[in-house]
Amino acid sequence: MIEKNYQPADIEAPMSLVWEDSRAFKAGRPDRRDAQPFTIVIPPPNVTGSLHMGHALNNTLQDILCRFERMRGRDVLWQPGTDHAGIATQMVVERQLMERQQPGRREMGREKFLQRVWRWKAESGDTIINQLKRLGASCDWSRERFTMDEGLSRAVVKVFVELHRQGLIYKDKRLVNWDPKLLTAVSDLEVQQVEVKGSLWYLRYPIEGRTFSPDDPTSFIVVATTRPETMLGDTGVAVHPEDERYRDLVGKKVILPLVGRKISIVADEYSDPEKGSGAVKVTPAHDFNDFEVGKRHGLGQISVLDQEGKLSLVANEDYLRGLPEGALMFAEEFDGTDRFAARKQIVARLEDFGFLDRIEPHTHVVPHGDRSGVVIEPFLTDQWYVDAKTLAQPAIAAVRSGRTTFVPRNWEKTYFDWMENIQPWCISRQLWWGHQIPAWYGPDGKAFVAETEEEAVGNALAYYVEQEVITPEQGREMALDRNKRAGFITRDEDVLDTWFSSALWPFSTLGWPDDTPEVQRYYPTDVLVTGFDIIFFWVARMMMMGLHFMKEVPFSTVYIHALVRDEKGAKMSKSKGNVIDPLQLIDEYGADALRFTLAAMAAQGRDIKLAASRVEGYRNFATKLWNACRFAEMNACAKPADFDPASTKDTLNRWIAHETANASRLVTEALEAYRFNDAANAMYRFVWNVYCDWYLELAKPMLLGEDGPAKTETRATIAWARDEILKLLHPFMPFITEALWKTTAEREGLLALAPWPLQPKELTTEQLVMISAAVPNDPLMPPILPVFNATVFADAEAEAEIGWVVDLVTAIRSVRAEMNIAPATLTALALVGASDETKARAPRWTDVIKRMARLSDISFADRAPDGAVQLLVRGEVAALPLKGVIDLAAERTRLEKEIAKAEADIKRVDGKLANEKFVANAPEEVVEEEREKREAAVERKTKLLEALERLKKLA
RNA sequence: GGGCACGUAGCUCAGCGGGAGAGCACUACCUUGACAUGGUAGGGGUCACAGGUUCGAUCCCUGUCGUGCCCA
């Protein structure tokens, strides 16, 4: 029994249990051992995160694909798991400690802090998984992985060590993006360029050998800078080689104000004569461009800031080297000042001594940390890098050659642009939560990289024995005793960028580096579903790692979906307070409604502006489906085991079989092309506007009538079409369809594992026609399964007949509404000058038409009765005798308007046909179509004119 | 500065070389035997603007204006 009211909350939890108990989503089910696999790896959400709208969209689309392919018979693996999300998670735990006024991480120490993070992971790690389950995600939950699992960590170490051995991972001292708040390096991608209204400071640098005077422009050179505080670290001044103004100064030296250091003026094309004064100060340790300029001219690198962005001068050997006596006065004054306070202080000091020329307002872009939000500081440190440029080459080639394609295609350009200009990937992070880098250092800083500590230490000790730094005896002792080597050999403190482990996800989750059956069977995966915001972070890196270690692309298709925005198109963010919580929508309208909404709005290449009203609308759709199934149940509709819709006799039943085949084809083709919105909309229309509005309504008289073969057949067909609908709708609305599948009949299995209505694409239409036309009992033919062959089933005759009924009913309803005829008033209908076809059809539909168009009687007539409203239905006149009811003048106006419309059509077509070029150039069928249109319009006009004449006679 | 999208009904969006579509909202009527989370009917658009290509442009091309995003 189906409950009277559809309540999503009542069915969703039980259906989740049914799926879980039956292990329906398990990959490698024995019954699918020979099936073709279909694999998707989930973009792993942050283990301590919770479900937001982006997850809801992302996972809905993946689930639709997985359920679709599962029903098409494939062995589906949807690999779930979570990401340790280094910085994000560490920040959350540190914030917790702060809020609870507990000791900070540095006070706790590394080991205790990590225990704390693991505890937090254990507490909150299930949250997002359970939320994904509420959404209906049909992952193989038995295979859940975590990026810091033992197995995945083994993959990370193996990859690091191998890339290092191949020279593709190396340690280098260069400028990195340093986050002075989080105290770690970050990669280029974690830096956000923000436009900031600042100033351009013009500073006077005195030229060596001339007496500096603010009033004598020949005694100094003016440099323009956005960062006056870093001038303490200047090691040069650059001018453009072709800049006449400064030609004579190239090669000369300037005395750095406040510091006293003598630095050279160099000619370099980096300096833009149009910008500022045309001369720039060069600070190689604090600016990426200056770093390059400095390298070209052999300038020194003097870092004047510490890790926290404070000036560090008095204990700074690089800074002090070669400074004259007395210059230390300022060093002591500025030392320890934060960079922004230092800026003001230094500018003030420069002004005091006449070194400040002027200040101009200036808008420029400043790098900010995407997590911390503070200004990123280019900082000179040792970090580990991946040679991304080398790894990128095969990854570029794979997309160029089409082994991996992006959907929509235009994202490939974005991918190429980035990959072709890729920079070394800084992978070390000065954090604790993550995979610790498998590198050990000796006393001279030499690095030993190996998969295990034993191996690294062994290598190191052997090396230092050979170098005679230690004796063989000492080496042996250190090898055996960790305490003895402490202080001599130390492990790298840093951890790897989170995305390093994510890059391995498509194969590490399958058991690599072991050669597991899963790696063999499910790699490469079929499709990756993700948002464009992580194409660089994740997709590109999976391509690189997958190709390098597996020698095959990690996925053949990358489906890039849109961003979910709020109703007004703004990005959802906590600070704006416009976040729509998917769980709240699920509570209110059900997971099915939310899923359907997201699918229906997931048009390729467009962002989704989500309004709750849409979700409500699709909840109503679910209700409609629910009630349609109740209707079928109340009318005892059941499908016999041997039912074949292709052999139904009744026109109405053949029509719905025809329409169902059509819908199956539309949905299947749309899903194959990743056109989720087309698929969802096709189902919406089919269920509501075809099955409910017409099929069930047209069937009602039959169901209310006497029992008989036709009624039996109709009941069976209603049940059959309902089942087809439940199947086709299941990928979009899994809960309600599975629940209705269960309650509407005795079933052998779950809907989630039921066969999809359409034969797989591998069979061509021709093959299917051959199969369906095959002689029964032919021993050479494989047995024909009683599966409805939606690819080839079509019944044009049924379509035409039902089309006529629909048009007739619609026309009558329309004119009744226009004439304000009360629904309770029944009118008669006369079919005027009916063709033989109509004469044959009409009696079959008397009950239906009477009921639906609210008629008292249907008759045939040679001419329209006096005072009748005359309608044109498929070229024939249908008359409603409404003498006394209708307003003759209004009816006359109505007919005249119709005639004018017909005339306009004729005129438009005539215009085209009169154009010789059109007839000559347009395709034959287009011209033919126009001729047919003209003919139809002429006929319509003739009939309407006749009707008007008759009306006139009356007046 | 470079790149990628997008301007279609009041709103959110499909369509994309041969007569403008959907959902929501709106209006009128309907407690009709599945469903008021419903039914029936209806109003509403020089498809941003200007050129060009074409027999024919909402659709292709160019430009302008406007909006959004990415990169430097």
Side-chain angles (χ1 to χ4, degrees), chain A residues 2 4-8 188-189 192-193 288-289 365 367 408 410-414 416-418 421 532-533 535-536 562-563 565 567-571 589-590 593 597 600-635 637 675 677-678 680-682 684-685 688-689 692-693 696-697 700 703-704 718 809-824 851-854 901 904-905 908-909 911-923 925-927 929-930 933 937:
Chain A
I2 303 175
K4 180 155 183 349
N5 291 312
Y6 164 57
Q7 303 288 1
D188 297 344
L189 289 174
Q192 230 89 60
Q193 303 293 340
F288 286 98
N289 288 309
V365 288
N410 52 310
W411 289 108
E412 287 178 7
K413 189 173 163 44
T414 309
F416 290 136
D417 284 351
W418 189 71
N421 296 297
F532 60 80
D533 49 334
I535 291 178
F536 306 146
L563 225 58
R565 298 168 177 281
E567 215 165 341
K568 297 186 196 87
K571 217 168 169 171
Y589 302 112
T597 308
M601 297 184 84
Q604 285 181 12
R606 225 201 248 247
D607 284 346
I608 296 180
K609 290 181 202 154
L610 190 70
S613 62
R614 285 296 286 264
V615 187
E616 186 183 355
Y618 290 120
R619 189 274 319 266
N620 296 351
F621 174 60
T623 306
K624 188 75 181 175
L625 174 71
W626 185 269
N627 284 308
C629 290
R630 275 183 67 221
F631 175 80
E633 183 182 67
M634 290 162 94
N635 285 283
C637 297
R675 302 184 63 95
N677 57 323
D678 286 346
N681 287 325
Y684 185 94
R685 272 192 287 273
W688 204 316
N689 304 125
C692 291
D693 287 350
L696 294 184
E697 291 303 325
K700 275 177 183 174
L703 295 170
L704 292 169
I718 287 174
V809 169
T810 305
I812 297 170
R813 279 172 172 174
S814 180
V815 81
R816 282 178 59 109
E818 215 173 310
M819 302 274 155
N820 283 320
I821 295 164
R851 174 195 165 90
M852 295 185 79
R854 311 207 56 80
K901 233 158 87 188
D905 281 356
R908 194 186 50 76
V909 177
K912 273 193 165 181
L913 291 172
N915 184 343
E916 280 173 35
K917 286 178 178 170
F918 171 72
V919 181
N921 294 328
E925 68 245 36
V926 172
V927 178
E929 218 172 280
E930 292 295 322
K933 274 183 208 162

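All figures in this text were calculated on a predicted structure; none of them were measured in a lab.
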Can you pull every protein N or O that's under 3.5 Å from an N or O on nucleotides 52-54 of chain B?
none

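- Where RNA chain B pairs in unbroken runs of 3 or more (Watson-Crick or G-U, both distances under 3.5 Å), the stems are B:1-7 with B:65-71, B:10-13 with B:21-24, B:26-30 with B:38-42, B:48-52 with B:60-64.
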Taking only nitrogen or oxygen atoms into account, show me every contact under 3.5 Å that the protein makes with nucleotides 22-28 of chain B, one pair per line with its distance.
none

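- In this structure F536(A) satisfies the side-chain contact (heavy atoms from CB on, under 4.5 Å) test together with L189(A), T414(A), W418(A), sequence neighbours excluded.
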Within the sub-3.5 Å range, which N or O atoms of nucleotides 31-34 of chain B have a protein N or O partner, and how far apart are they?
from, atom 1, to, atom 2, distance (Å)
A34(B), OP1, K700(A), NZ, 3.4
A34(B), O2', N627(A), OD1, 3.3
A34(B), O2', R630(A), NH1, 3.0
A34(B), N7, K700(A), NZ, 3.2
A34(B), N6, E697(A), OE2, 3.0
A34(B), N3, N627(A), O, 3.0
A34(B), N3, A628(A), N, 3.3

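- For R813(A), there are no salt bridge (charged side-chain N to carboxylate O under 4.0 Å, His left out) partners at least two apart in sequence or on another chain.
- Under the ring pair (Phe, Tyr, Trp, His ring centres under 6.0 Å) criterion, F631(A) pairs with no residue at all, not counting sequence neighbours.
- Under the rule for a side-chain hydrogen bond (donor to acceptor under 3.5 Å, both in side chains), N421(A) has no partner lying at least two apart in sequence or in another chain.
- For A680(A), the side-chain contact (heavy atoms from CB on, under 4.5 Å) partners at least two apart in sequence or on another chain are F596(A), A599(A), A600(A), F732(A).
- Legend: residues meeting side-chain contact (heavy atoms from CB on, under 4.5 Å) with L913(A), ordered by chain and number and at least two apart, are V909(A), F918(A), V927(A), E930(A), R931(A), R934(A).
- For N677(A), whose side chain is taken as the heavy atoms from C-beta onward, the closest listed nucleotide among A14(B), G19(B), A5(B) is A14(B).
- When the side-chain hydrogen bond (donor to acceptor under 3.5 Å, both in side chains) test is applied to E697(A), the partners found at least two apart in sequence or on another chain are K700(A).
- Residues that satisfy the side-chain contact (heavy atoms from CB on, under 4.5 Å) test with K4(A), not counting sequence neighbours, are R630(A).
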